[in-house]
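Data block below; observations after.
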Amino acid sequence: MRKLLPLIGTPSGSHPGGRSALTCRFRCGDACFHEVPNTSDNEYVGDVVAGALSRRSMMRAAAVVTVAAAGAGAAGVAAAPQAEAAAAASAKRPRPQKSARGLRFTPVPPNTRDAVTVPEGYRQNVVIRWGEPILRGASAFDPERQSAKAQAGQFGYNCDFLALLPLKGERNRQLLVANHEYTDEILMFRDYDPENPTREQVEIAWAAHGLAVVAVEEEHRSGRLTAVGRHHLNRRLTATSEFRLTGPAAGSDLVKTSADPTGTRVLGTLNNCSGGTTPWGTTLHGEENFNQYFAHGSSATDKRYGIGTGATERKWERFDKRFDLAQEPNEAHRFGYVVELDPYDPDSTPRKHTALGRFKHEAATVRLTHDGRPVVYSGDDERFDYFYKFVSSKRMRHGDSRAARAHNLTLLDEGTLYVARLTGDSPAIEIDGTGKLPKDGEFDGSGEWIPLATATAHGAVSHVEGMTAEEVFVFTRLAGDKVGATKMDRPEDIEPNPVTGKVYVALTNNSRRGVDANPKADEANPRHANKHGHVLELTERFNRPESTRFAWSLFLVAGDPEDPATYFAGFPKDAVSPISCPDNVAFDAHGNLWISTDGSALGSHDGLFGVATRGERRGELKQFLTVSAGAETCGPVVQERRVLVAVQHPGEVDGATVERPASTWPDGPGSYVRPAVVAVWRADGRDIGV
């Protein structure tokens, strides 16, 4: 289980984690190779979190010391003595005989099989693939004769976030909602010329982006899920579908274009990464790397959002002027929001909520206050950027009446948007980056949620000096810069634990940490050239999501357990699976955290992992599955008797094309490689991991 494997495709030294150059080009526009957009002098999380562990557990504190020492070791600094104490403490710690409930399965070892590999005693099936028809009248998938019209009625490309929702009155059926983050034209079209895409290819790509809603049916005896074609709730939303801007920035001059002088109607949603479900029955979808679709950026705000000054990879600006900022400078201001979809109303217009701010949203997860007001957490997936929360001022109404549903669709338009600032509890002079403990003998910290702006039914108020409320909601990154938010290492999915209320932040990696003139590892992020990432655990004051104060600690420091720079909440490291690049996260009914990975730098394929967050097994991390060659694990849904994952960009390995595929998943040799959704269940029909 410990053996590390040779990397597939481009070595991790040239691209972050184990991700291929092809993925970097099409998924995020080579974001990790561009200049860091955040040039503010705000404190880096690496300056405030060398570890987050208290003296209540010497093993935990020493583990973080070891992490920092490992980063310093690259510069010739010896490991601190506490690291040896940590190893001794780990060896002596008694191991409970049984894994946490929900995690009682034999872990899948790291591997590079071109398949989805699941634990012994589990079964799987492909629920739905790219191109499968889901709407009435949609054509069967034929990749050699694909058209934009056909694709608009078919399941889209590169599924990411997934949700499974109940279908009342339809036995053994549920509603699957999926994001379609981006397209990889090199793997979609035979003889594709990236310098000269055709209009038809571009329009197919537009139709392959967006969202999908499709009913699925369970085969009761086996647990298999299959798509129900032509169901009346099935739906596709694409890069040309109509969306509605709502909230405080809707109608602002900042979002008006020649095609939409009202500033309220937007065509399409782009690069939808992770998301969330709401207690009132809708789904949320984060628009992430939208910057890569827009050409010829010129303003300082364009630069802050990573929009380049030249042509784009896909060349969409040749076919629609809205993607050319030289002609439509405000079009990019209409992307980068959280989209809310009502999957039970196929005629509804989805909303882009400006009150939740504009940035590279990775997920949007909801927790209710004691009086029923939603709080939404979201990370900005960029090196050295921030994470946020929005606290609504309106209470949710229960029930499925038309009035209740209409009211609940307005919940995310009024409230206060906050950004996080983390603070260490030791003098900066005591945090020297060598791994030496500060005088108080502990590494933990506190944090505060800094208000940026408040939206009401009668207008909006900015809390940021020098910025109007509209500017805060449209240029949220700049607002975070001004108030001194803490720079993080690519904050991805943020999820509150439904059992404990603690909030977990996945920080995928940061290959620029400590490299060249970038800040070095000291108190916050534990390693230079952080290619494996880590997970933070936040405890909000009084365990109330509306609180403006919180405590934080390091929960996981990812990587090979044999590396002294890793940490698994104090659990013995010879009894955990290797993990790299935490990305999307989810919880099961037992309060275990499930982590999907993106770009593993350990030589194995990406996978899905479960880890106990409480009790005597806290920190025990076990790999549940791996995905196929070149793929990323996305959208985990963990139900009592089923796990769902999206296998995104399979075969996306440097040098791969339609003619020279790097994967034959899921349909075998001679078929196009196709992103797909996979269901996993126990062969004996019992609950997962019990």
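In this text the structure is predicted, and so the values were computed from the model without any measurement.
The shortest distance between side-chain heavy atoms of His398 and Met396 falls below 4.5 Å. Put simply, the side chain of Leu165 reaches to within 4.5 Å of the side chain of Thr277, judged on heavy atoms. Here the side chains of Tyr182 and His649 are in contact, with some heavy-atom distance below 4.5 Å. No side-chain heavy atom of Ser600 sits less than 4.5 Å from a side-chain heavy atom of His605.
Checking His285 against Asn179 by side-chain atom types alone, a donor-acceptor pair falls below 3.5 Å. Side-chain atoms of Thr269 and Glu287 form a donor-acceptor pair, as typed in the model, at a separation below 3.5 Å. Trp280 and Thr282 share a side-chain donor-acceptor pair at under 3.5 Å. Checking Thr633 against Asp606 by side-chain atom types alone, no donor-acceptor pair falls below 3.5 Å. Checked by atom type, the side-chain pair Glu492/Thr508 shows a donor-acceptor distance below 3.5 Å.
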Audit row: Leu644, Trp681, side chain to side chain contact (heavy atoms under 4.5 Å, CB included) steps and yes/no: CA-CA 9 Å; Leu644 234 64; Trp681 65 92; over 6 Å; no

Test salt bridge (charged side-chain N to carboxylate O under 4.0 Å, His left out) on Arg490 and Asp381 and set out the steps. CA-CA 5 Å; Arg490 288 189 58 203; Asp381 184 9; 2.8 Å; yes

Could you go through Lys394 and Asp413, starting from their C-alpha distance and side-chain angles, then the distance that decides it, and tell me whether this counts as salt bridge (charged side-chain N to carboxylate O under 4.0 Å, His left out)? CA-CA 9 Å; Lys394 302 177 72 173; Asp413 290 330; over 6 Å; no

Asp160/Gln648 under side chain to side chain contact (heavy atoms under 4.5 Å, CB included): CA gap, chis, key distance, verdict: CA-CA 7 Å; Asp160 195 301; Gln648 193 188 81; 3.2 Å; yes

Could you walk me through whether Phe587 and Tyr504 pass the ring pair (Phe, Tyr, Trp, His ring centres under 6.0 Å) test, one step at a time? CA-CA 10 Å; Phe587 283 94; Tyr504 293 79; 5.6 Å; yes

Step by step, work out the side chain to side chain contact (heavy atoms under 4.5 Å, CB included) result for Thr597 and Asp583. CA-CA 5 Å; Thr597 63; Asp583 190 80; 5.8 Å; no

If you apply the rule side chain to side chain contact (heavy atoms under 4.5 Å, CB included), what do you find for Thr246 with His353, and how did you get there? CA-CA 5 Å; Thr246 66; His353 288 294; 3.3 Å; yes

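Side-chain atoms of His361 do not come within 3.5 Å of backbone N or O of Tyr337 as any donor-acceptor pair. Under the 3.5 Å distance criterion, the side-chain polar atoms of Asn584 are matched with a main-chain donor or acceptor of Gly635. Side-chain atoms of Gln154 come within 3.5 Å of backbone N or O of Ser139 as a donor-acceptor pair. The backbone N or O of Val585 sits less than 3.5 Å from a side-chain atom of Asp493, completing a donor-acceptor pair. Ser401 places a side-chain N or O within 3.5 Å of a backbone atom of Ala404 that can act as its donor or acceptor partner. Listed for the Gln124 side chain is a donor-acceptor partner under 3.5 Å among the backbone atoms of Val116. Judged by distance alone, with hydrogens and angles left aside, the side-chain atoms of Arg641 form no donor-acceptor pair with the main-chain N or O of Arg682 at under 3.5 Å. Asp184 places no side-chain N or O within donor-acceptor distance of the main-chain N or O of Glu652, the cut-off being under 3.5 Å. Here the side chain of Glu537 pairs no donor or acceptor atom with the backbone of Phe555 at under 3.5 angstrom. The backbone N or O of His407 lies less than 3.5 Å from no partner atom in the side chain of Arg397, so there is not a single donor-acceptor pair.
The only member of Val505, Leu556, Val503 that meets side chain to side chain contact (heavy atoms under 4.5 Å, CB included) when paired with Leu536 is Val505.
For the residue pair Gly275 and Thr365, the shortest heavy atom distance occurs at O-CG2, 3.8 Å. Here the closest non-hydrogen pair linking Ala631 and Val647 is CB-CG1, 3.6 Å. Residues Ala656 and Ala662 come closest through the heavy atom pair CB-CB, 3.9 Å.
In this structure, Arg104 places its CZ atom where more than 12 heavy-atom neighbours from other residues, nucleotides or ligands lie under 6.0 Å away. Around the CD atom of Glu219, the shell of radius 6.0 Å holds more than 12 heavy atoms that belong to other residues, nucleotides or ligands. With a 6.0 Å radius and a threshold of 12 heavy atoms from other residues, nucleotides or ligands, Arg395 has its CZ atom at or below the threshold. More than 12 heavy atoms of other shown residues, nucleotides or ligands fall within 6.0 angstrom of atom CZ in Arg190.
Ring centers of Tyr377 and Phe390: at least 6.0 Å apart, outside the cut-off. Checked against the 6.0 Å centroid threshold, Phe105 and Phe624 count as a close aromatic pair. A ring-centre distance under 6.0 Å is found for Tyr388 and Phe359.
Under the rule for a ring-ring contact (aromatic ring centres under 6.0 Å, His included), Tyr344 has no partner lying at least two apart in sequence or in another chain.
Between Arg405 and Asp345 there is no salt bridge, since no side-chain N of the basic residue sits under 4.0 Å from a carboxylate O of the acidic one. A salt bridge is defined here as a Lys NZ or Arg NE, NH1 or NH2 lying under 4.0 Å from an Asp or Glu carboxylate O, and Glu218 with Arg642 meets this definition. One finds a salt bridge joining Arg314 and Glu185 here, because a Lys/Arg side-chain nitrogen approaches an Asp/Glu carboxylate oxygen to under 4.0 Å. Under a 4.0 Å N-O distance rule, the pair Lys168/Asp400 qualifies as a salt bridge. Remark: Arg351 does not engage Asp342 in a salt bridge, criterion side-chain N to carboxylate O under 4.0 Å.
Atom CG in Asn408 sits 8.5 Å away from atom CD in Glu340 (nearest 0.5 Å). The CZ atom of Arg173 sits 8.5 Å away from the OG1 atom of Thr226 when rounded to the nearest 0.5 Å. The CH2 atom of Trp316 sits 5.5 Å away from the CZ atom of Phe323 when rounded to the nearest 0.5 Å. Interatomic distance, Phe161 CZ to Glu181 CD, rounded to the nearest 0.5 Å: 13.0 Å. Atom-to-atom distance recorded for Ser392:OG and Arg373:CZ is 7.5 Å, nearest 0.5 angstrom. Rounding to the nearest 0.5 Å places CG of Asn592 at 4.0 Å from CG of Leu103.
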Throw together a table of side-chain donor-acceptor distances under 3.5 angstrom for residues 670-680, partners on residues two or more places apart or in other chains.
from, atom 1, to, atom 2, distance (Å)
Tyr672, OH, Glu144, OE2, 3.1
Arg674, NE, Trp130, O, 2.9
Arg674, NH2, Trp130, O, 2.6

Per-pair distances, 0.1 Å, donor-acceptor, side chain in residues 203-217, under 3.5 Å, sequence neighbours excluded:
from, atom 1, to, atom 2, distance (Å)
Glu203, OE2, Arg199, NH1, 3.1
His209, ND1, Ala205, O, 2.8
His209, NE2, Tyr293, OH, 3.0

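Cation-pi contact between Lys352 and Phe243: present, with separation from the ring centre below 6.0 Å and deviation from the ring axis of at most 45°.
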